[in-house]
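Residue numbers start at 1 and run along the sequence shown.
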Amino acid sequence: IDFGGVEPAITHNAGEVREYNFNQNTSITGDKPIMVAEFLPSTTNGCYNNCDPSFVLLNSNDQMYLKDIVFTAPSSPLTGNSFNRFSLELVTRTADIAHMELDGVAVTGFQPVPGKTMYSYAYLEVDEDQSLRLEAKDPSCGFLAYIKGFGSAVSYAYSAGITYLDPTQQDLDISNLTKGGNVTYC
């Protein structure tokens with residue numbers, strides 16, 4: 001497994017679980033199927049925006065075939081605490097960034113993924129409780145998207161959608177968009 005130069009590459013055995021704490025964006029590549037999850041830390045463990053732990057499985061860049069998704073960033077958790085920050089984290093092929101739109105407006109602010117510059121990512125603050133439409137305007141383009149909400153002692157993270165391909169038939173490449181979170185893979 002290669003970590004895009006952030007950590008030394010390692011050999012990983014089937015069923016083995018490891019945890020890393022990355023303080024920068026990272027690309028994780030395996031030559032066999034791997035599962036990568038992102039854990040957002042709690043406020044007491046370095047969360048950058050006063051939040052509670054959350055967990056999301058990260059999708060392989062090789063599953064980047066989603067063309068259009070409508071999503072929302074919910075604001076009212078069942079706990080009674082409220083979220084105060086909402087984000088969309090978007091990954092697409094660098095060649096496709098000019099074709100990405102959010103509610104009909106071009107998405108800007110893309111940065112190349114370290115170690116995998118053929119992919120780029122963007123962090124966007126989004127409004128709460130609004131239906132938002134993310135589109136790849138060119139039919140040959142695709143993307144991966146993650147929605148996150150943060151508040152005092154509460155947070156959430158979810159994949160906004162994906163089109164699956166058979167992961168046993170290809171190498172997997174996952175761009176981790178963690179900012180100070182833990183990444184576990186198995």
Side-chain angles (χ1 to χ4, degrees), residues 1-4 6-7 10 12-30 32-66 69-92 113-116 119 121-129 132 134 143-165 167 172-186:
I1 296 176
D2 181 76
F3 298 98
V6 175
E7 292 281 336
I10 62 162
H12 182 74
N13 298 315
E16 190 175 355
V17 176
R18 297 201 185 184
E19 184 175 324
Y20 289 90
N21 187 1
F22 295 113
N23 292 318
Q24 61 188 15
N25 297 321
T26 305
S27 176
I28 301 170
T29 304
K32 293 183 176 51
I34 57 175
M35 180 186 300
V36 178
E38 178 182 2
F39 293 92
L40 301 175
S42 69
T43 299
T44 58
N45 289 319
C47 181
Y48 56 92
N49 193 31
N50 197 26
C51 63
D52 214 23
S54 287
F55 166 88
V56 62
L57 291 175
L58 300 179
N59 302 310
S60 169
N61 290 357
D62 300 323
Q63 304 291 333
M64 197 176 291
Y65 292 96
L66 192 62
I69 190 81
V70 175
F71 67 92
T72 188
S75 65
S76 301
L78 299 175
T79 63
N81 293 344
S82 62
F83 298 112
N84 55 32
R85 183 163 103 43
F86 308 89
S87 68
L88 161 65
E89 297 176 5
L90 173 63
V91 181
T92 192
V113 172
K116 292 288 180 178
Y119 299 109
Y121 67 92
Y123 289 103
L124 303 168
E125 296 289 323
V126 296
D127 293 328
E128 62 188 285
D129 293 331
L132 301 169
L134 182 62
F143 60 86
L144 299 172
Y146 303 92
I147 311 305
K148 296 179 180 177
F150 305 94
S152 179
V154 65
S155 68
Y156 65 82
Y158 71 92
S159 174
I162 187 170
T163 301
Y164 288 103
L165 299 178
L172 297 181
D173 183 7
I174 298 174
S175 294
N176 168 33
L177 301 178
T178 301
K179 283 189 173 181
N182 294 328
V183 174
T184 298
Y185 66 89
C186 52

- Query: Can you name the closest pair of heavy atoms from Ile147 and Ala160 and give their distance?
  - Reply: CG1-CB, 4.0 Å

- Task: Look up atom CD in Glu89 and atom CG in Leu124, then write down how far apart they are to the nearest 0.5 Å.
- Result: 9.5 Å

- Note on the structure: The reported gap from CG in Asp127 to CG in Leu88 (rounded to nearest 0.5 angstrom) is 12.0 Å

- Item | Value rounded to 0.5 Å, distance of CE in Met35 from CG in Leu58 | 11.0 Å

- Parallel, tilted or perpendicular: which describes the rings of Tyr123 and Tyr121, with under 30° parallel and over 60° perpendicular? perpendicular

- Message: What I'd like to find out is whether the side chain of Thr29 reaches to under 4.5 Å of the side chain of Lys116, using heavy atoms alone.
- Response: yes

- Item | For the student: nearest non-hydrogen atoms of Val91 and Met64, plus distance | CG1-CE, 3.6 Å

- Item | Check: Leu134 and Phe71 side chains under 4.5 Å, non-hydrogen atoms | yes

- Heavy atoms only: give me the nearest Val36-Ile28 pair and the separation to one decimal. CG1-CD1, 4.0 Å

- Task: Would you name the heavy atoms of Glu125 and Phe86 that are closest together and state the gap between them?
- Result: OE1-O, 3.2 Å

- N/O donor-acceptor pair under 3.5 Å between Tyr146 side chain and Asn59 backbone: yes

- Message: How close do Ser159 and Val56 get, counting heavy atoms only, and between which atoms?
- Response: N-CG2, 3.9 Å

- Straight-line distance of Thr72 OG1 to Leu132 CG, nearest 0.5 Å: 6.5 Å

